[in-house]
Amino acid sequence: MNFTGIVIVGLVVGLTGLIIGLLLGVAGKKFAVEVDEKEIKVRECLPGNNCGGCGFAGCDSLAKAIAAGEAPVNGCPVAGPTGAAKIAEVMGVAAEEGERKVAFVKCAGTCDKTNQKYDYYGLQDCRKAAVAPGKGPKLCSFGCMGFGSCVKACQFDAIHVINGVAVVDKEKCVACGKCVATCPNKLIELVPVSAKCIVQCSSQDKGKTVKAACDTGCIGCKACTKVCEAEAITVENNIAHIDQSKCTKCGKCAEKCPQKIITVAQ
């Protein structure tokens with residue numbers, strides 16, 4: 001190939017590259033996805049844990065929803081009140097005040113208080129053990145199995161199995177809800193951090209069966225309902241429930257409970 005041919009090839013290649021570059025530039029501008037500036041700023045206020053506790057796929061999805069007005073500014077449980085205040089400032093709205101919540105395990109059936117049906121040698125996972133006969137080895141089929149599925153689900157090291165029952169560290173818990181969703185027995189619920197009186201049991205069995213399975217457990221006797229002046233306690237399906245919005249934290253229910261299953265938080 002002579003020199004002229006080389007020059008022609010170089011010009012053709014260069015011109016082709018230039019045309020392609022121009023076309024890509026035009027296409028990039030024409031088909032560019034506009035990102036709301038507020039969405040970017042909201043995302044900067046979020047922690048980036050992508051835990052899903054907000055109900056969205058991750059922090060990016062939540063930021064987009066908040067910027068579009070489809071989610072509240074305090075939608076991230078991990079960001080807390082401080083993060084919500086920053087997001088509210090970005091959105092130009094007032095931050096909604098709400099008390100911080102923490103996870104609470106509704107079971108006090110530790111190893112020394114519960115009876116077992118059989119010895120379990122399967123996978124150390126509550127969800128796997130739940131499909132075993134009787135929903136696990138403990139005589140109470142409603143209680144904590146103690147295999148730690150909730151521990152594995154928690155990204156914040158806020159829950160651990162102690163003496164056969166999951167226990168939540170309120171200082172570390174961010175109320176992301178992962179443990180709530182993971183527990184096959186639905187033992188964990190989110191309660192206000194100031195909640196003083198909580199029923200630490202989930203058994204729906206009748207009193208005689210409860211006593212045979214566990215030394216501590218709600219027997220549905222309704223003694224607590226009779227002393228609650230705020231009418232905050234009801235008994236349904238043989239288990240007491242406390243409405244935290246009505247509870248005055250007087251502690252009379254805990255004093256009256258014959259099973260001492262109503263926890264009085266400090």
Side-chain angles (χ1 to χ4, degrees), residues 101-118 120 122 125-151 153 159 161-168 177-192 195-228 230-247 251-265:
K101 291 188 175 183
V102 293
F104 180 80
V105 182
K106 299 180 291 181
C107 179
T110 52
C111 295
D112 56 312
K113 296 177 182 177
T114 55
N115 295 315
Q116 294 196 346
K117 297 187 289 285
Y118 53 81
Y120 177 80
D125 183 279
C126 299
R127 291 167 296 184
K128 302 297 183 183
V131 300
K135 294 184 69 175
K138 288 185 178 180
L139 198 56
C140 176
S141 59
F142 296 95
C144 179
M145 286 179 258
F147 296 127
S149 291
C150 53
V151 177
I159 188 166
V161 174
I162 301 175
N163 197 14
V165 173
V167 178
V168 177
K178 280 291 185 70
C179 57
V180 177
T182 300
C183 179
N185 280 356
K186 306 302 178 186
L187 285 173
I188 308 175
E189 67 176 341
L190 300 180
V191 300
K196 182 177 180 181
C197 301
I198 316 174
V199 180
Q200 200 173 4
C201 180
S202 294
S203 176
Q204 295 180 18
D205 286 329
K206 293 184 178 180
K208 184 177 180 180
T209 303
V210 171
K211 286 187 173 182
C214 182
D215 291 339
T216 181
C218 180
I219 56 177
C221 65
K222 299 186 179 180
C224 53
T225 64
K226 296 173 183 176
V227 298
C228 181
E231 298 183 347
I233 310 178
T234 56
V235 175
E236 300 175 10
N237 296 322
N238 303 311
I239 183 75
H241 300 270
I242 299 178
D243 185 339
Q244 297 299 330
S245 65
K246 293 181 180 180
C247 180
K252 290 182 180 179
C253 56
E255 293 175 6
K256 192 67 175 178
C257 177
Q259 294 294 94
K260 303 303 177 185
I261 197 58
I262 300 180
T263 297
V264 180

Residues L190, V102; criterion side chain to side chain contact (heavy atoms under 4.5 Å, CB included); working and verdict:
CA-CA 5 Å; L190 300 180; V102 293; over 6 Å; no

When you measure from the side chain of K260 to the backbone N and O of E255, does any donor-acceptor pair fall under 3.5 Å?
yes

Would you give the length of the straight line joining atom CG of N115 to atom CG of L139, rounded to the nearest 0.5 angstrom?
6.0 Å

If you measure from SG on C201 to CG on N238, what distance do you get to the nearest 0.5 Å?
10.5 Å

Can you find a pair of side-chain heavy atoms, one from C214 and one from S203, that are under 4.5 Å apart?
no

How many angstroms lie between CD1 in I239 and OG1 in T234, if you round to the nearest 0.5 Å?
10.5 Å

SG of C218 to CG of D205, rounded to nearest 0.5 Å, is 11.0 Å

Flag, side chain of S149 to backbone of C126, donor-acceptor distance under 3.5 Å
yes

Quick one: does any side-chain atom of D125 pair with a main-chain N or O of R127 as donor and acceptor, under 3.5 Å?
yes

Keeping K138 on the side-chain end and G109 on the backbone end, is there a donor-acceptor pair under 3.5 Å?
yes

Taking the side chain as C-beta and beyond, is there a heavy-atom pair between C228 and K246 under 4.5 Å?
no

Using modelled atom types only, decide if a donor and an acceptor are shared between the side chain of K186 and the backbone of F142 within a distance under 3.5 Å.
no

Would you say NZ of K206 has more than 12 non-hydrogen atoms from neighbouring residues, nucleotides or ligands within 6.0 angstrom?
no

Shortest non-hydrogen pair, I233 vs T225, comes out as O-CG2, 3.5 Å

Candidate pair I198 and Q244, rule side chain to side chain contact (heavy atoms under 4.5 Å, CB included), full reasoning
CA-CA 9 Å; I198 316 174; Q244 297 299 330; 4.1 Å; yes

Are more than 12 heavy atoms from other residues, nucleotides or ligands located less than 6.0 Å from atom NZ of K252?
no

I242 side chain reached by I262 side chain, heavy atoms, under 4.5 Å
yes

Go through the steps for I188 and I159 under the test side chain to side chain contact (heavy atoms under 4.5 Å, CB included), then give the verdict.
CA-CA 11 Å; I188 308 175; I159 188 166; 4.2 Å; yes

To the nearest 0.5 Å, atom OG of S202 lies from atom CD1 of I261 at 9.5 Å

Hey, does T114 have a side-chain heavy atom less than 4.5 Å from the side chain of V165?
no

Is there a side chain to side chain contact (heavy atoms under 4.5 Å, CB included) between N185 and C144? Walk through the geometry before answering.
CA-CA 7 Å; N185 280 356; C144 179; over 6 Å; no

Heavy-atom pair of closest approach, residues A153 and T182
CB-OG1, 3.3 Å

Is there a side-chain contact between Q259 and K211 in this structure, where contact means two heavy atoms from C-beta onward sitting under 4.5 Å apart?
yes

For the side chain of Y118 and the backbone of P133, is there at least one donor-acceptor N/O pair under 3.5 Å apart?
yes

Within the 4.5 Å heavy-atom criterion, are V199 and K106 side-chain neighbours or not?
no

If you define the side chain from C-beta out and look only at heavy atoms, does anything of F104 sit under 4.5 Å from Q200?
yes

Do C150 and C183 have side-chain heavy atoms sitting under 4.5 Å apart?
no

D215 CG to D112 CG distance, which is reported to the nearest 0.5 Å
8.0 Å

